[in-house]
**Q** 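Would you mind keeping the following structure in view while I ask a few things?
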Amino acid sequence: MVKTQYWLIKSEPSVYAYAQLERDGQTEWTGVRNFEARNNLRAMKAGDLCLYYHSNEGKAVVGVAQVLTGAGPDPTAPSEDWASVSVGPVVALNTPVALATLKKTPALKDFPLITRGRLSVAAVTAKHFKLILKLGETMLPNPAQSS
DNA sequence: GCCAACGTTGGC
DNA sequence: GCCAACGTTGGC
């Protein structure tokens, strides 16, 4: 199997919270209108894992989501030029990792939330991904644990 | 192809 | 609710 890649996806909880994803079981990740974020969406493939960040309200990484299907055209987009993927919930973090905590952690100095605050879909290194799970006092359930 | 204006995001 | 950061648009 191909190596799992790690990502960070952001959503305002008032728009689509992680708890909503858990209720729905899966969702189509649409509405991205930034070229770089779109390119990242296109690089996602089924099985990749995403840290789920709540922006504006909450301001914390709250859960892990998994890419279910790779990028297709965004049905909500005005043209063919945009992409979306479908994602499903994996686990909610036992302890949400606040932005303030991320900022205080030297190992996360170049985490995309810190360096690229406004990028809504960003690649995350395996090292950062694991560290955030640790800060969130959370283990991945076995089916999601791939490499 | 540059760059100013504008709109949006998101932390505070 | 303000404002800084920054990406995109559009005029030249």
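Treat the numbers as computed from the prediction; the structure is a model and nothing was measured.
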**Q** Does a side chain donor of either A/Asp48 or A/Trp7 reach within less than 3.5 Å of an acceptor in the other side chain?
**A**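 Side chains of A/Asp48 and A/Trp7: pair found under 3.5 Å.
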
**Q** Atom NZ of A/Lys10 and atom P of C/dG7: how far apart are they, to the nearest Å?
**A**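 Distance, rounded to whole Å: 11 Å.
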
**Q** So, using side-chain contact (heavy atoms from CB on, under 4.5 Å) as the criterion, who are the partners of A/Ala92 when residues are at least two apart?
**A**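 side-chain contact (heavy atoms from CB on, under 4.5 Å) check on A/Ala92 returns A/Tyr18, A/Glu22.
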
**Q** Could you tell me the separation between the CZ atom of A/Arg118 and the P atom of B/dG7, rounded to a whole number of Å?
**A**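 The answer, rounded to whole Å, is 14 Å.
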
**Q** So which protein N/O to nucleotides 8-11 of chain C N/O distances come out below 3.5 Å?
**A**
from  : atom 1 : to      : atom 2 : distance (Å)
C/dT8 : OP1    : A/Phe35 : N      : 2.9

**Q** For A/Thr105 and A/Thr101, indicate whether the former's side chain and the latter's backbone hold a donor-acceptor pair under 3.5 Å.
**A** yes

**Q** If the condition is side-chain hydrogen bond (donor to acceptor under 3.5 Å, both in side chains), which residues does A/Lys134 pass it with, not counting sequence neighbours?
**A**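 For A/Lys134, no residue satisfies side-chain hydrogen bond (donor to acceptor under 3.5 Å, both in side chains) once neighbours in sequence are set aside.
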
**Q** We want to know whether A/Glu137 and A/Asn94 form a side-chain donor-acceptor pair, criterion being a heavy-atom distance below 3.5 angstrom.
**A** no

